[in-house]
*Asks:* 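Please see the structure below; I have some questions.
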Amino acid sequence: MSKIFRFGIVNKDVLTDPELSLTAKAVYSMLSTYANKNRMCYPSVKTLADIGGCSCSTIDRAIKELKIKNYIKRDGRKLFLS
């Protein structure tokens, strides 16, 4: 059985932002692996929490942090990455 590899492009501004928590940077990185060519994705909070080994509230806080800094925008369930 062959293994499927997923890759994501992470914005360097996100990684080098000293005001952004490490958790938010990790969540952005996870989101980038789900993003399509238009930088849009829609993984569930539960999926991200399972992958990250943390709670859904931790993911929610990180997403809020990323939205405040304008690194992601939300349209319904869809997230758009910068």
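These numbers come from the heavy atoms of this one structure, side chains and all, not from hydrogens, waters or symmetry mates.
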*Asks:* Taking all atoms of both residues into account, what is the closest heavy-atom pair of A62 and A24, and its distance?
*Replies:*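 Closest approach of A62 to A24, heavy atoms only: CB-CA, 3.8 Å.
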*Asks:* Please list, chain by chain and in numerical order, all residues satisfying side-chain hydrogen bond (donor to acceptor under 3.5 Å, both in side chains) with S57, sequence neighbours excluded.
*Replies:*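 With sequence neighbours excluded, S57 shows a side-chain hydrogen bond (donor to acceptor under 3.5 Å, both in side chains) to S55, given in chain and number order.
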*Asks:* Excluding sequence neighbours, so at least two apart, what forms side-chain hydrogen bond (donor to acceptor under 3.5 Å, both in side chains) with K46?
*Replies:*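 For K46, the residues satisfying side-chain hydrogen bond (donor to acceptor under 3.5 Å, both in side chains) (neighbours in sequence not counted) are D50.
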*Asks:* Applying a strict under-4.5 Å side-chain criterion to I, L, V, M, F, W and Y, I'd like to know whether L48 and L15 cluster together.
*Replies:*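 They do share one cluster, since a chain of ILVMFWY contacts under 4.5 Å joins L48 to L15.
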*Asks:* Can you name the residues that form a side-chain hydrogen bond (donor to acceptor under 3.5 Å, both in side chains) with T23, not counting sequence neighbours?
*Replies:*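 For T23 there are no side-chain hydrogen bond (donor to acceptor under 3.5 Å, both in side chains) partners, ignoring immediate neighbours.
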*Asks:* Tell me which pairs pass salt bridge (Lys or Arg N to Asp or Glu O under 4.0 Å) where either residue lies in residues 20-45, with sequence neighbours left out.
*Replies:*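 Of all non-adjacent pairs touching residues 20-45, none passes salt bridge (Lys or Arg N to Asp or Glu O under 4.0 Å).
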*Asks:* Could you give the side-chain donor-acceptor pairs of residues 73-82 under 3.5 Å, partners two or more places apart or in another chain?
*Replies:*
{"from": "R77", "atom 1": "NH2", "to": "Y42", "atom 2": "O", "distance (Å)": "2.9"}
{"from": "S82", "atom 1": "OG", "to": "N11", "atom 2": "ND2", "distance (Å)": "3.4"}
{"from": "S82", "atom 1": "OG", "to": "Y71", "atom 2": "O", "distance (Å)": "3.2"}

*Asks:* Does the side chain of S44 come under 3.5 Å of the side chain of T47 through a donor N or O and an acceptor N or O?
*Replies:*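 Distance-only check passes for S44 and T47.
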*Asks:* Could you give all pairs that pass the salt bridge (Lys or Arg N to Asp or Glu O under 4.0 Å) test and reach residues 62-72, with sequence neighbours left out?
*Replies:*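 Only D17-K69, E19-K69 qualify under salt bridge (Lys or Arg N to Asp or Glu O under 4.0 Å).
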*Asks:* Within the 4.5 Å heavy-atom criterion, are F5 and T33 side-chain neighbours or not?
*Replies:*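 The answer is no; the side chains never approach within 4.5 Å.
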*Asks:* Hey, what do you get for CG (L66) to OG (S21), rounding to the nearest 0.5 Å?
*Replies:*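 Here the interatomic distance stands at 7.5 Å.
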*Asks:* Using a 6.0 Å cut-off, check whether atom CD1 of I9 has over 12 heavy atoms from anything other than its own residue.
*Replies:*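 At most 12 heavy atoms, drawn from other residues, nucleotides or ligands, come within 6.0 Å of this atom.
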